[in-house]
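This one's a predicted model, so the numbers in the text were calculated from it and none came from an experiment.
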Amino acid sequence: MKTSKPRTAGIVLALSMTSAACGSSPNAPGAAQAAQQMVARIVGHVSDLDHQPVSGAQVLVVSGSHAGADAVTDAAGAFSLPGGFIGPLVLSATASGSKTSTQGMSLQCGSCGDTALLNFFLIPDVAPFRFEAGEYDMTVSIDAACTGIPLALRTRNYTATIAQPSTDTSYPISISGDYLRRRIFDFYVWGDHVGIDSEQPTLREELPDRTYLFWNGDGGTKVDTSVPLVSLSMPFQGAFDYCVLKSPLDPTGNCSTAPADQVVVRARCMSPNQDRLVLKRR
């Protein structure tokens, strides 16, 4: 079960901080000249993690054809670099208060036309973020608009254990509950943003009387990076699937795969950023 990713959250789970069209590569590998195409200009946008435009950012051709050429983003975060470019190239985006973002473009597409697109997302240049490892209470509140899901099931309580980070941007969290098999997913951290995304596995709760609830989703918020995080409350765009069946569900199944003649009741709900996820240190 998937949700569309919210554009206001910094929450995509393994995050690519830059995006490019017309052939991109973080290391800008070389290629045969015949596989490349000259493009008349490179255009794009520079945004922050809330997908807001960053004006006054400098976009620079670090290496490759027209190295040293630069442009400054306008009020909409847009830039344009003319020149007749042939890959490989390396470009960077820099703005006050943000870390420099760098990426490569190979232009090995052969059918790009005369314009290549390159977008940057800038991370705030703040103190390293830290969760405080240990036991937490985790609550997921389902939006009241999800009337197909019984009121008694719209608040889900779990025990969460946060371990030391597995990477610079990923904190593994193990959660369990009365009707939930132990599951592990990640909180992701970028600058002063923390969140989760819908690429995480769907959680399955097996409630009494052959009742099942499945959910996943996206969420994110800004946090104070100057102290270890011991609590957070963030908007959550959840996708919830609820069903009551006549017979037990297959261990690998979900409400969608249950035979129609076995379904007593079923409801699905997706509520963009109206659900909430709360985490509090015990």
In a table with atom names and distances, give each donor-acceptor pair under 3.5 Å that connects a side chain of residues 66-77 to protein atoms at least two apart or in another chain.
| unit_1 | atom_1 | unit_2 | atom_2 | d |
| --- | --- | --- | --- | --- |
| His66 | NE2 | Gly83 | O | 2.5 |
| Asp70 | OD2 | Gln58 | NE2 | 3.0 |
| Thr73 | OG1 | Val54 | O | 2.7 |
| Thr73 | OG1 | Gly56 | N | 3.0 |
| Thr73 | OG1 | Ala57 | N | 2.9 |
| Asp74 | OD1 | Ala76 | N | 2.9 |
| Asp74 | OD1 | Gly77 | N | 3.2 |
| Asp74 | OD1 | Ala78 | N | 3.0 |

Using the side chain to side chain contact (heavy atoms under 4.5 Å, CB included) rule, take Trp215 and Phe236 through it: C-alpha gap first, then chi angles, then the decisive distance, then the call. CA-CA 11 Å; Trp215 66 266; Phe236 183 70; 3.5 Å; yes
For Arg204 and Asn254, run side chain to side chain contact (heavy atoms under 4.5 Å, CB included): C-alpha distance rounded to whole Å, both residues' side-chain angles, the deciding distance at 0.1 Å, then the answer. CA-CA 8 Å; Arg204 166 176 168 154; Asn254 54 54; over 6 Å; no
Run the side chain to side chain contact (heavy atoms under 4.5 Å, CB included) check on Leu81 and Val59 step by step: do they pass? CA-CA 9 Å; Leu81 282 164; Val59 178; 4.0 Å; yes
For Asp241 and Ser256, run side chain to side chain contact (heavy atoms under 4.5 Å, CB included): C-alpha distance rounded to whole Å, both residues' side-chain angles, the deciding distance at 0.1 Å, then the answer. CA-CA 8 Å; Asp241 201 356; Ser256 300; 3.4 Å; yes
Between Phe240 and Phe214, does a ring-ring contact (aromatic ring centres under 6.0 Å, His included) hold up when you go through it step by step? CA-CA 6 Å; Phe240 300 91; Phe214 297 81; over 10 Å; no
For a ring-ring contact (aromatic ring centres under 6.0 Å, His included) check, start with the C-alpha distance between Phe121 and His51, then their side-chain angles and the critical distance, and finish with the verdict. CA-CA 8 Å; Phe121 288 94; His51 294 265; 4.8 Å; yes
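Using a 4.5 Å cut-off on side-chain heavy atoms (C-beta onward), Ile196 and Ile173 make no contact. The side-chain heavy atoms of Arg276 and Ser233, taken from C-beta on, include a pair separated by under 4.5 Å. Contact of the Arg266 side chain with the Tyr242 side chain is not registered, since no non-hydrogen atoms from C-beta on lie closer than 4.5 Å. Annotation: side chain of Leu122 is in contact with side chain of Val46 (closest heavy-atom distance under 4.5 Å). With contacts defined as side-chain heavy-atom distances shorter than 4.5 Å, the pair Thr221/Val194 qualifies. Looking only at side-chain heavy atoms (C-beta outward), Gln237 and Asp275 stay at 4.5 Å or farther from each other. Between Tyr212 and Leu245, some side-chain heavy-atom pair lies under the 4.5 Å cut-off. When side chains are defined from C-beta on, Thr257 does not count as touching Asp250, because their heavy atoms never get closer than 4.5 Å.
Hydrophobic clustering, with ILVMFWY side chains joined whenever heavy atoms are under 4.5 angstrom apart, groups Val264 together with Leu207. Cluster annotation: Leu153 is not connected to Val278 through the hydrophobic network of ILVMFWY side chains, with a link wherever side-chain heavy atoms come within less than 4.5 Å. Cluster annotation: Tyr179 and Ile149 are assigned to the same hydrophobic cluster (Ile/Leu/Val/Met/Phe/Trp/Tyr, side-chain heavy-atom contacts under 4.5 Å, transitive). Transitive grouping of hydrophobic side chains (ILVMFWY, heavy atoms separated by less than 4.5 Å) brings Val263 and Leu249 into a common cluster.
Atom OG1 in Thr159 sits 6.5 Å away from atom CG in Asp137 (nearest 0.5 Å). Remark: Leu279 CG to Leu229 CG distance equals 7.5 Å, nearest 0.5 Å. Here Asp125 contributes atom CG and Ser98 contributes atom OG; the two are 7.5 Å apart, rounded to the nearest 0.5 Å. Note that CG of Asn157 and CD1 of Ile175 are 11.5 Å apart. Values are rounded to the nearest 0.5 Å. To the nearest 0.5 Å, atom CD1 of residue Ile142 and atom CZ of residue Arg154 are 8.0 Å apart. Between atom SG of residue Cys255 and atom CD of residue Gln262 there is a gap of 13.0 Å, rounded to the nearest 0.5 Å.
Taking all atoms of both residues into account, the shortest heavy-atom contact from Asp186 to Pro172 is OD1-CA, 3.2 Å. Heavy-atom minimum distance, Ser170 versus Tyr188: OG-CE2, 4.0 Å. Across all non-hydrogen atoms, the minimal contact from Val189 to Gly191 is CG1-O, 4.1 Å. In terms of heavy-atom proximity, Arg210 sits nearest to Pro248 at CD-N, 3.7 Å. Nearest heavy-atom pair, Asn119 versus Gln103, reported as atom, atom and distance to 0.1 Å: O-NE2, 3.3 Å. The two residues Ala93 and Phe120 have their closest heavy-atom pair at CB-CG, 3.5 Å.
A donor atom on one side chain and an acceptor atom on the other are not found under 3.5 Å apart for Thr139 and Arg156. In the model, Thr202 has a side-chain atom that pairs as donor or acceptor with a side-chain atom of Asn216 under 3.5 Å. Using modelled atom types and a 3.5 Å distance limit, the side chains of Asp209 and Thr211 yield no donor-acceptor pair.
A salt bridge is defined here as a Lys NZ or Arg NE, NH1 or NH2 lying under 4.0 Å from an Asp or Glu carboxylate O, and Asp114 with Arg41 fails to meet this definition.
Residues that satisfy the ring pair (Phe, Tyr, Trp, His ring centres under 6.0 Å) test with Tyr158, not counting sequence neighbours, are absent from this structure.
The cationic group of Arg281 lies under 6.0 Å from the six-membered ring centre of Tyr136 and within 45° of the ring axis, placing it in a cation-pi geometry.
Using modelled atom types, no side-chain atom of Asp192 and backbone atom of Thr225 make a donor-acceptor pair closer than 3.5 Å. Formation of a donor-acceptor pair under 3.5 Å by the Lys280 side chain with backbone atoms of Leu232 is not found in this model.
Taking the six-membered ring wherever Trp is involved, the centroid distance between the rings of Tyr171 and Phe131 falls below 6.0 Å.
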